[in-house]
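So the structure is just underneath, and the comments pick up after that.
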Amino acid sequence: MTEQKIQIEDESIQGETGPTVKKLKEFDPNAPVALITGTSSGFGMLTAITLAKQGYRVVATMRDLSRNAELAILAEQADISDRLQYIRLDVTDANSVQEAVQTVLQNNGRIDMLVNNAGFALGGFIEEVSMDDWRRQMETNFFGLVAVTRAVLPVMREQKQGLIINLSSVSGLSGFPGYAPYAASKFAVEGFTESLRHEMSSFGVRIVIVEPGAYRTPIWNKGLGEIHRSNHSPYKDKLDAVLRYSQHAGETAPDPQEVADLIARIARMRAPRLRYALGKGSRLLIIGKLLLPWKWLEWIIARGLR
Ligand SMILES: NC(=O)c1ccc[n+]([C@@H]2O[C@H](COP(=O)([O-])OP(=O)(O)OC[C@H]3O[C@@H](n4cnc5c(N)ncnc54)[C@H](OP(=O)(O)O)[C@@H]3O)[C@@H](O)[C@H]2O)c1
């Protein structure tokens, strides 16, 4: 790899159709490259900043590049704008995934780390969630993650090194009432990632699942906005309780920077574990599942939603 600084001049956004490098200036050609999905807000945005501060060239992808303003301001404030590249990637669009990975390779020649972060939480009671919404949830949180992983695997396999971090959730450990589609998608991520770890271990590719409890990101408001509510629903009172819980979590949950810091810490590990649970909810649930009979857990969850 050449020692001289690389200059890439394309500063434009070419619209919605293709992956487009928005702002590339000078960067260190020897810095490791991290590709992150869903960096317009929340964990993805904070992870982009944290990894860039740690010396990564960060490819910050998002499905709508016009939503990069908050990330760009944070990067400017931290004086690391030159370490960020913005590329359009919608995880549910196969062409967008392929084109984005090709563009990353053309610009950087390699991908050292993938953070499969993009996702959303669809709420509602099972009977009342439409099949279209069930499929939409799985398309983004599960099949989208599979598509991006499959696009990056040949690169890491040939490099004989790499790190893939998949964002699961406390909902990948236990199903909660009112969030079945979300839980199903995250349980799928858990099983997929276990298999992936077995398959990639002999190729030097490290595979990790991060399982956060509730953190204060926009996901809660987005999820609340998506729920269909009807005064005639037999689930109305239960759904109201779930909504109250979600609203409370959205306002009072801990600082999401904890998750970005954990991801940056895993990036420095030579031999990370498969699972990292963080946040009060996740840790309590793991201990509860180990120690308590299932009926007791049910009672605790029902009581929490009262
Ligand atoms: N916050 C929590 O309490 C919590 C707890 C456990 C796990 N998680 C997981 O953490 C991950 C990040 O969530 P967050 O809390 O940071 O929420 P967030 O702020 O809403 O971020 C989600 C990101 O995913 C993006 N996204 C959604 N659909 C996409 C698609 N089709 N293609 C590409 N990007 C897409 C969003 O883009 P737009 O801006 O365009 O919507 C956004 O950038 C998710 O996988 C979530 O399930 C969150």
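By convention here, the first residue in the shown sequence is residue 1. Note that ligands are numbered from 1 as they come in the structure, with each ligand's atoms numbered from 1 the same way.
- A distance limit of 4.0 angstrom between heavy atoms and ligand 1 selects the residues G38, T39, S40, S41, G42, F43, R63, R67, L89, D90, V91, T92, N117, A118, G119, T140, L167, S168, S169, Y182, K186, P212, G213, A214, Y215, T217, P218, I219, W220, K222.
- By the 4.5 Å heavy-atom criterion applied to side chains, R136 and P181 are not counted as neighbours.
- Between Y86 and M62 there is a side-chain heavy-atom pair separated by less than 4.5 Å.
- Taking the side chain as every heavy atom from C-beta outward, L35 and V115 never approach each other to under 4.5 Å.
- The number of heavy-atom neighbours closer than 6.0 Å to CD of E70, taken from other residues, nucleotides and ligands shown, is 12 or below.
- The hydrophobic cluster containing V146 also contains L153, counting ILVMFWY residues as joined when their side-chain heavy atoms lie under 4.5 angstrom apart, directly or transitively.
- Side-chain contact of Q85 with N108: a donor-acceptor pair under 3.5 Å is present, judged by distance alone.
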